[in-house]
Amino acid sequence: EVINRLYEQSLEIILDSQLGNGGTIASIKGSRYGVNVYPRDHAYAVMALTSAGKSADARQGLNFILNVELSPEGMMAQRYGEDQKASSNK
């Protein structure tokens, strides 16, 4: 019972943290992290959605990360804004 509640709450938080374009922000909305999407955290959220059978949400998350702005060398940034462009903390 407790584990099921924890699972459902965790899944709800992940879904609530997913932006309309599929990006998953690093923390709950309104926190100090703003609407930054960190690729590592985002990947874990997509894996959780896949494991939970939320294929449409997981696919949307994959589409977000496949369309982010890359550096001239083809590398991902540490974080992205909702617009899928590299974001700084300045």
Side-chain angles (χ1 to χ4, degrees):
E1 179 66 30
V2 172
I3 291 184
N4 288 336
R5 249 192 344 241
L6 177 61
Y7 173 84
E8 292 301 327
Q9 286 175 333
S10 298
L11 186 56
E12 185 179 323
I13 289 169
I14 291 169
L15 289 168
D16 286 346
S17 297
Q18 193 173 38
L19 302 171
N21 62 0
T24 306
I25 59 175
S27 187
I28 58 173
K29 291 177 182 168
S31 74
R32 72 183 190 100
Y33 291 102
V35 291
N36 286 315
V37 176
Y38 291 76
R40 179 195 59 212
D41 299 341
H42 178 75
Y44 281 113
V46 170
M47 288 189 299
L49 292 170
T50 301
S51 294
K54 301 287 187 184
S55 359
D57 298 300
R59 187 175 296 111
Q60 194 177 16
L62 288 172
N63 284 331
F64 176 90
I65 208 68
L66 289 172
N67 291 295
V68 296
E69 175 182 71
L70 300 176
S71 73
E73 297 81 23
M75 297 171 51
M76 282 189 173
Q78 177 186 2
R79 66 185 154 271
Y80 291 92
E82 190 172 359
D83 60 1
Q84 294 173 293
K85 297 198 182 306
S87 174
S88 72
N89 60 355
K90 295 179 183 174

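Heavy atoms only: backbone and side chains are in, while hydrogens, waters and symmetry mates are out. Being a predicted model, the structure only gives us computed values, none of them experimental.
- With rounding to the nearest 0.5 Å, the separation of OH in Y38 from OG1 in T24 is 14.0 Å.
- Listed by chain and number, the residues in a side chain to side chain contact (heavy atoms under 4.5 Å, CB included) with A48 are I14 (sequence neighbours excluded).
- Among residues at least two apart or in separate chains, side-chain hydrogen bond (donor to acceptor under 3.5 Å, both in side chains) pairs with a member in residues 54-77 are S71-E73.
- Residues meeting the side chain to side chain contact (heavy atoms under 4.5 Å, CB included) test with E82, sequence neighbours left out: L19, N21.
- Note that OG1 of T50 is 6.5 Å distant from CG of L62, once rounded to the nearest 0.5 Å.
- At a threshold of 4.5 Å between side-chain heavy atoms, the hydrophobic network of Ile, Leu, Val, Met, Phe, Trp and Tyr places V46 and V37 in two separate groups.
- Counting non-hydrogen atoms of neighbouring residues, nucleotides and ligands closer than 6.0 angstrom, the CG atom of L66 exceeds 12 such neighbours.
- By the side chain to side chain contact (heavy atoms under 4.5 Å, CB included) test, M47 is found to be paired with Y44, residues two or more places apart in sequence or in another chain being considered.
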Practice problem: Go through I65 and V68 one step at a time and tell me if the side-chain contact (heavy atoms from CB on, under 4.5 Å) criterion holds. | Solution: CA-CA 5 Å; I65 208 68; V68 296; 4.1 Å; yes
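- Applying the side-chain hydrogen bond (donor to acceptor under 3.5 Å, both in side chains) definition to pairs two or more places apart or across chains, none involves residues 4-20.
- Taken from CG in L70 to CE in M76, the straight-line distance is 6.5 Å, to the nearest 0.5 Å.
- For F64, the ring-ring contact (aromatic ring centres under 6.0 Å, His included) criterion is met by H42, not counting sequence neighbours.
- L11 CG to L49 CG: the interatomic distance, rounded to the nearest 0.5 Å, is 6.5 Å.
- Annotation: side chain to side chain contact (heavy atoms under 4.5 Å, CB included) contacts of I28 (sequence neighbours excluded): I13, S31.
- Residues G81 and S87 approach most closely at N-CB, 3.7 Å, considering heavy atoms.
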